[in-house]
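Just the heavy atoms: all of them, side chains too, but no hydrogens, waters or symmetry mates, feed the values below. Proteins come first, then strands; the chains are lettered A, B, ... in the order of their sequence lines, and each starts at number 1.
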Amino acid sequence: MQLTYLEAISDGLRCALREDDRVFLLGEDIGVMGGAFKVTAGLLDEFGPERVIDTPISEEMIVGGAVGAAIVGMRPICEMQFADFVACGFDQIVNVAGKLHYRLELAAPIVIRLPCGGGVSGGPYHSANPEAWFLHAPGLKVVAPSTAEDAKGLLLAALADPNPVIFMEHKGLYRRVRGEVPEGPYETPFEARTVRDGDDLVVITYGAMVHAAAAAIEQLDGASVRLLDLRSLEPLDEEAILAAARECSKVVIVDEANYTCAIGAQVSALIAERAFEDLDGPIIRVATPDVPIPFAPELERAVLPSVERIRAAITELLAY
Amino acid sequence: MSTLPTTGAAEGTREGPYLELPDRVSLYRFMALQRAVEERGLSLYKQGRVPGSYYDGRGQEATCVGATYALNAADTVCPLIRDMGAHLVRGTTPLAILAHYLGRAGGVGRGRDGNVHLGEASRGVVGMTSMLADMVVVAAGMALAFKLRGEPRCSLAFFGDGATSVGDWHEAVNFAAIERLPLILVLELNGYAYSTPSAAQFPVHPLARATAYGIHGEPVDGNDVEAVFEVTRQARERALAGEGPTLIAAKTMRMHGHGAHDDARYVPAELLAKWEARDPLARQRGRLVELGVDVAAIDAAVAEEVAAAAQAALAMPAPDAASATVGVYAASEPTPLGRGEAPWSGFCS
Ligand SMILES: Cc1ncc(C[n+]2csc(CCOP(=O)(O)OP(=O)(O)O)c2C)c(N)n1
Ligand SMILES: [Mg+2]
C-alpha cells in the first residue's frame, strides 16, 4: 500500500496495538486530538483510553512511567509532542532507562517517539535534532527512518527490542515522503541501507538529509556517488560504513543536527581510525552550525544543510 | 502500645488481628537485622574496606520495615537511602548486602553500583537511582501497569522530605492521583535533607500536599513499626479497592549524618537526644519483652548471622575486570520483576 511517512508510523502503531496487548501509548494530546501531528489519529476510537493514554504535561512521568510499566511486563510507546521537549524527560531516559540493565539486569523495552527536525519555522524550541544527547548516554538505542517503509519497520523493530529505543521521526518528512509500505507487521533491521550505488564517493547520512543528499546527487552529472542511509545511529552499522568508505575512498557526511558531536563526528572518527589508508581525500562534514534553529525562513535556510551545500561539498571532494 | 484492629479481614481470608506474635517478632528481627548489617557496613567502611561513600538508615528502621512488611509478594517496592530493611523483608540476604557494599561480584550490584543503590529485581525490588524522586515516577508506572491489567497489586515508593522538592515527585503524584493508581507513597520525614532542614524544603505541612493533589494522606509515627505497618496495610487496601494513592507521612529522625563522611554538626544535640529516647528498636523490644519474648536470643542470632555474613562477604572475589563493559544492553526478551518474600502471615499470598 502507498502511505506517507506519517501514515506508515500510524500504521505501525496500529499493528503493534492489534498484535500485542502489552503495547499501550502514553503522550500529551494523543487521544481525541490524535497528537499534535495526527500520528495517533483514530487510535483512541479503536483501542480505547486504557491503551491510548492522554497524560498531563509531564515528560518525566511519561518516560519514567513507561519504564515502570515496562519492567513489569508492558511494552509502552511514548510520544513527545516535539523532540525538543524530551529535554524535560531527559533524566528518566539517561539515568533510569539507560542504566537499568547494566545496574540491575532489568530491561526497559520502551520506545520514545521524537517528532524532530527543522525546515518548518518552528524556531529554537520546535526544530531540534537532539539524537546526539542519547548517543552519548549508555544503554539507549537510537533510530531515524528516512522512508515510509523504514518508518514502520523500524518502529516495530524498536518495539520488539528489549532496550529503550529513541525513535527520531522527522516532521518534515511526515507528509512529504510517501512510498510502498508492506501490510501487517514486519521489522526493519537496525542496519544501514544503500540508497543508491556508486564508487567515486559516498555520502553518509540519515533521516531527512537522505532526501537532500539524493537531490544533490541527482544534480551531478556523470559522477558515481553512493548514498548510505544509516537508519540506526546506535547501534551504528560500522561494517557498512567502513565498507562504503573503503570502496569509494571519498566520504561526505551530512547531519541535520548541530555540528559538534553529531553522529557524523562519530562516523568521521570511525573512518579516520579504521579506514584511513583507503581514503583519497579528507572527510567532509556538512551539518547545522552550533546554533539554536532560528525562526525566520531566511535564517533557518542559512543554517540547515541544503541541497546546494551538500552538492558543493560533493563537487569539491570529487575534484580533490 | 499502638492500637491494632482486631476485626476486619484484609482480603477476606481471615479476621484480625493483623499482626500476630510471630509477625511482631519478625518486625523486630528485621529492624535488628537492618541495624546490625548497617553497623557492620559502617565499620567495614571505616576500616577502608568499603569503597566510595557510605549511608545508613539509623533510627529510621521502623518505617521501611513496617511498610514493606504490609506488602504482598507480588507488590513491588522502590526503596531509598534509608531503607535497607525493605530489602531484608523482601528476602535479600545480609551476605548479598555486605558483599554489595564491598563491591564484590557476588553482591547485589555485582560491583556495578554500590552503597544503598541496590535492588534484587527477582524480589520485586527496583534499585534506586541517585536522582531523587526518579523512583516515585517508576513506581507510578508499575502501578499503572497493574491497573491496566486489572491485577490486585500495588507498588510502593519510599522517599525523603528533600526528595519531595523535585519536579519528578510532583509529576508522579499528580499523574497517580488523576489515574487513581494503586500506589503507596511513603514520605520519610527525618528532619533533614543532607544539611537542609525540612522547613527549607516546603513551607506547608506535607499532608497538605496530599489534599492538594486529591489523594489520601496519613500521618504516622515513623518510629513505631506496628503503626507504620497498619497505615501501610490500610493504604494497600485502598489501592486495591481502586481508591488511588496514599501519601503516608512517617515522622522520624535521621540519627546519623547524611553519610559516613558527614558529622552532622548542623543537627542540634538536644534534638538527637530527644529522638534517641524514641528509638524504634527499643520500642518494639519493650513490647516483645512484655509479651514474654526472649529478645536477647533474637539479638544474639542476628549478631551471629551478620558476623558470619561479613566474613563470607570479605572472602568473596572482586568482579572480573573484563565484565566492566558487558551487559549495557539487554540481549533477549526481558524477565519482568519477580515476587519478593512477603513474610506477613495469612492475608497476603
Ligand atoms: C535530584 C538530586 N539532587 C541532588 C541529590 C544529592 N543528594 C543525595 S541525598 C540528598 C538529600 C536527600 O534528602 P531527603 O530526600 O530528605 O532524604 P534523606 O537523606 O533525609 O533520607 C541530596 C541533596 C540527589 N541525589 N538527587
Ligand atoms: Mg530527609
Between [Y] and [X], does any NZ, NE, NH1 or NH2 come within less than 4.0 Å of an OD or OE carboxylate oxygen?
X: A:Glu46; Y: A:Arg14; answer: yes
X: B:Arg82; Y: B:Glu188; answer: no
X: A:Arg231; Y: A:Asp150; answer: yes
X: A:Lys152; Y: A:Glu187; answer: no

[X] portion near chain A, given a 4.5 angstrom heavy-atom threshold:
X: B:Leu144; value: side chain
X: B:Ala139; value: neither
X: B:Leu337; value: both
X: B:Val136; value: neither
X: B:Ser332; value: backbone
X: B:Ser122; value: neither
X: B:Asp113; value: side chain
X: B:Glu179; value: side chain

Please rank [options] by heavy-atom pairs under 4.5 Å with chain B and give me the top one.
options: A:Glu59, A:Arg22, A:Arg75; value: A:Arg75
options: A:Leu26, A:Asp161, A:Leu140; value: A:Leu140
options: A:Gly73, A:Pro76, A:Ala108, A:Pro138; value: A:Gly73
options: A:Asp21, A:Leu104, A:Ile62; value: A:Leu104
options: A:Ile71, A:Leu106, A:Ile53; value: A:Ile71

From A:Lys141 atom NZ to A:Ser232 atom OG, the distance as rounded to the nearest 0.5 Å: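 Rounded to the nearest 0.5 Å, the NZ-OG separation comes to 8.0 Å.
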
Min side-chain heavy-atom separation B:Asp75-B:Arg236 under 4.5 Å: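 In short, these two side chains touch, coming nearer than 4.5 Å.
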
Which atoms of A:Gln92 approach chain B - backbone, side chain, both or neither, heavy atom under 4.5 Å: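 Side chain only.
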
Plane angle bin for B:His170 and B:Tyr213 - parallel if under 30°, tilted between 30 and 60°, otherwise perpendicular: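 The arrangement is tilted - the two ring planes meet at 30° to 60°.
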
Ring geometry between B:Tyr54 and B:Tyr101 (parallel below 30°, tilted from 30 to 60°, perpendicular above 60°):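 Geometry flag for B:Tyr54 against B:Tyr101: perpendicular rings.
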
When B:Met135, B:Glu333, B:Met142 are compared by non-hydrogen pairs under 4.5 Å with chain A, the top option: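 Of the candidates given, the most pairs with chain A belong to B:Met142.
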
Best-contacting candidate, B:Gly127, B:Ala172, B:Ala121, B:Ser155, against chain A by heavy atom pairs under 4.5 angstrom: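 Option with the greatest count: B:Gly127.
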
B:Phe202 atom CZ, neighbour heavy-atom count above 12 within 6.0 Å: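 Buried by this count: over 12 neighbours within 6.0 Å.
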
Validation row, ring centre B:His258 to ring centre B:Tyr55 under 6.0 Å: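 Between B:Tyr55 and B:His258, which both carry aromatic rings, the centre distance is below 6.0 Å.
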
